[in-house]
There are 2 protein chains.
Amino acid sequence: MLSSTVENYLKELFLLDQYGNKEIATGEIAKSLDVTPGSATSMIKTLAQAGLVEHRPHYGVKLTKQGRTLAVHVVRRHRIVELFLVKVLGMDWSKVHEEAEQLEHVVSDEIISRMDDLLGHPSHDPHGDPIPTTDGTLPERPLQLLSFCDRGDSVSIARIGNQNANFLQFAQDNGLLLGARIEVTNRNDIADSMTIHAKGKDVVLGLAAAGRIEVEYA
Amino acid sequence: MLSSTVENYLKELFLLDQYGNKEIATGEIAKSLDVTPGSATSMIKTLAQAGLVEHRPHYGVKLTKQGRTLAVHVVRRHRIVELFLVKVLGMDWSKVHEEAEQLEHVVSDEIISRMDDLLGHPSHDPHGDPIPTTDGTLPERPLQLLSFCDRGDSVSIARIGNQNANFLQFAQDNGLLLGARIEVTNRNDIADSMTIHAKGKDVVLGLAAAGRIEVEYA
DNA sequence: ATTAAACTTTTGACTAATCAAAAAGAATCT
DNA sequence: AGATTCTTTTTGATTAGTCAAAAGTTTAAT
C-alpha cells in the first residue's frame, strides 16, 4: 500500500504531464506540492527506487508505466469522489476538490465502484475533468481555451481548470457553469482581458483566468 | 487538527470505557490498538501533555472532558459513515467497519452533516451502536446480553458488539440480523453454549459469542 | 517480609517525511 | 573560456510514531 504522500507525488506528476512525454523538473513538482526542492529530490529518489518513476539527475523525472497506472487510479478516485459529493450529497462544487484531496487516499476500490454505479458511470467530474476508467483510459474531448476565443464567438463551457474555491465561487456567481452557453462580447489583448456574456450578465475576465476555462463550439 | 493516530487512541479509550468512570490500563489500550505497551505509554504521555487525558503513572489513564468530546466526535463520524455505506452505497454490513476505520479520520463536518441529513438523523448504526449527536449525547437503550437469556426467552436482536467481518458474515448467514425475532431454545452452561431459533433455523452459539450480542425483550 | 509474576516505563534505535542551508551541476551571458 | 545565475542535490536536523529490550513498580503468593 502506498502512503498518501507517495500518492500525491504520483498524482501531481501525472497532472503536470498527462501524456507522459516530457520530463518534469524537480522544482516544478516541489512548487506544485508546496515542499522544498530538497524534499522533492529525496522523494523522487524513493519513487525511482520503487520503480514508479525514472529519474535523470539534474534533468528531470518521468512516471514509469507502473507509476502512471497508480497515478491514474488516484485521479479516478479523486474525480469520482468529487462528483459523488456534488450529486449525491449536494455539496458545492467549489468545496469538493479540497474534500476529495483527502478522501482519494482512503476510499476503497469497492466504494469507488459503488459510487461509480450510483452515478451511472460518468465520464466527467464537476469541473469538466475526465474520469479515467478502471483500465486507465481517459476520455478525450476536443476543447478550446476560452482565452483563444475571438470577439463574437458563441461557445459553451466544458471545463474549469482552476480548483481554487474562490475562483469557482466567482464563476458560479457569474453564470460560468459547465454547459453554460456564453458569448465573447469583447476582447482586448492590450488590456489582457475579455468580456463574456453569460446568463444576461457581462463578465470581464483577465486572459490568464480565461486560460483556465475550456469551451467547445458545439 | 489531530492526527489519525491520536484520534484512534482517543476513540479506543472512549470505547473501552463509555462512561468515563474507570481508568484504562496502558496494556489494555496497547492490546486494543495492537501496539507495544511502550508505544502506548509514550503516546499517553503525549496525550496528557495536550490535556486530552489524565495519566496516573503505573495506574492508568482516563479521558479528560476535552478528550472525551473529541473522541465522541470520532465515534459519531465512524458510525454515520458506516450507516451511509450500508444504506446509500448498499455495502455489506460486515465490511463497513473496516472502511469507516479509515474514513472517520478524513470526512469533514460538512460531509457528516449532509450524510446525517440524507439518512434522516439516525440514532443507531448498522450494528446497533448508538450514534452520538453533535453535542456529544449518546442515545441510551436498556439492552440485555443474549448470553444472559434463559431457555424459552423470546427477544429481538438490538446490537452486535463484534465488528469482525467473519463473525458478522456468520451472523447474517444465520438470520441474526438487527431486529430479528429470536428464541432461546436451549442453554447449557456446562457446555458453555446456547441454541437460538431464528428464521426457521437453529443456531448454536458459544456463550462468549452470545455475550457480544445484545437483545431487547420489547 | 521476601520473592516471583505481571505490568509499566524508559531507553535507544528505526522509518517516513520534512526543512534549511551548503555544495554541486547546468545554463547563460558576455 | 570565465563568471554569474539558476536549479538540483546533498547534508544534517527535526518530528511523529513505532518496536525491542532493559529497568523499574505494583501486586500477589508464599
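In this text, all values refer to a predicted model and were calculated from it rather than measured experimentally. By convention in this document, chain letters (A, B, ...) are assigned in the order of the sequence lines, proteins followed by strands, and residues within each chain are numbered from 1.
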TODO: Any chance you could lay out the salt bridge (charged side-chain N to carboxylate O under 4.0 Å, His left out) test for A:Arg159 and A:Glu216, step after step, and finish with the verdict?
DONE: CA-CA 9 Å; A:Arg159 172 166 184 264; A:Glu216 54 191 349; over 6 Å; no
- [ ] Check B:Pro139 against B:Ile131 and note the closest heavy-atom contact, atom names and distance.
- [x] CD-O, 3.5 Å
Task: Residue that, paired with B:His78, satisfies ring-ring contact (aromatic ring centres under 6.0 Å, His included) out of B:His97, B:His105, B:His73, B:His127 - done: B:His97
- [ ] Quickly work out the B:Glu28 CD to C:dC7 P distance and round it to whole Å.
- [x] 11 Å
- [ ] Can you measure from CG (A:Leu85) to CG (A:Asp92) and round to the nearest 0.5 angstrom?
- [x] 11.5 Å
TODO: Please report how far the helix from C:dA1-D:dT30 to C:dT30-D:dA1 bends, comparing the axis fitted to its first five pairs with the axis fitted to its last five, to the nearest 10 degrees.
DONE: 10°
Open item on the list: If you compare every side-chain N and O of B:Thr26 against the phosphate oxygens of C:dT9 (OP1, OP2), does one of them come in below 4.0 Å?
Closed with: yes
- [ ] Begin from the C-alpha positions of B:Lys11 and B:Glu104 and carry the test salt bridge (charged side-chain N to carboxylate O under 4.0 Å, His left out) through to its verdict.
- [x] CA-CA 11 Å; B:Lys11 182 186 62 171; B:Glu104 66 188 7; 2.7 Å; yes
Task: Between CG on residue B:Leu2 and CG on residue B:Leu10, distance to nearest 0.5 Å - done: 6.5 Å
- [ ] Determine, for nucleotides 15-26 of chain C in 5'-to-3' order, which nucleotides have protein heavy atoms under 4.0 Å from the base (write B), from only the sugar-phosphate (write S), or from neither (write -).
- [x] --SBBS----SS
Open item on the list: If the threshold is 4.0 Å, N to carboxylate O, is there a salt bridge linking B:Arg77 and B:Glu82?
Closed with: no
Open item on the list: What range of DNA chain D does chain B touch, first nucleotide to last, counting atoms under 4.0 Å from its heavy atoms?
Closed with: D:dG17 to D:dT27
Task: Any donor-acceptor pair under 3.5 Å from A:Asn164 side chain to A:Phe167 backbone - done: yes
Task: Closest non-hydrogen atom pair between A:Leu205 and A:Leu176, with its separation - done: CD1-CD1, 4.4 Å
Open item on the list: Walk me through whether B:Asp116 and B:Arg114 qualify under salt bridge (charged side-chain N to carboxylate O under 4.0 Å, His left out).
Closed with: CA-CA 5 Å; B:Asp116 188 40; B:Arg114 288 184 182 256; over 6 Å; no
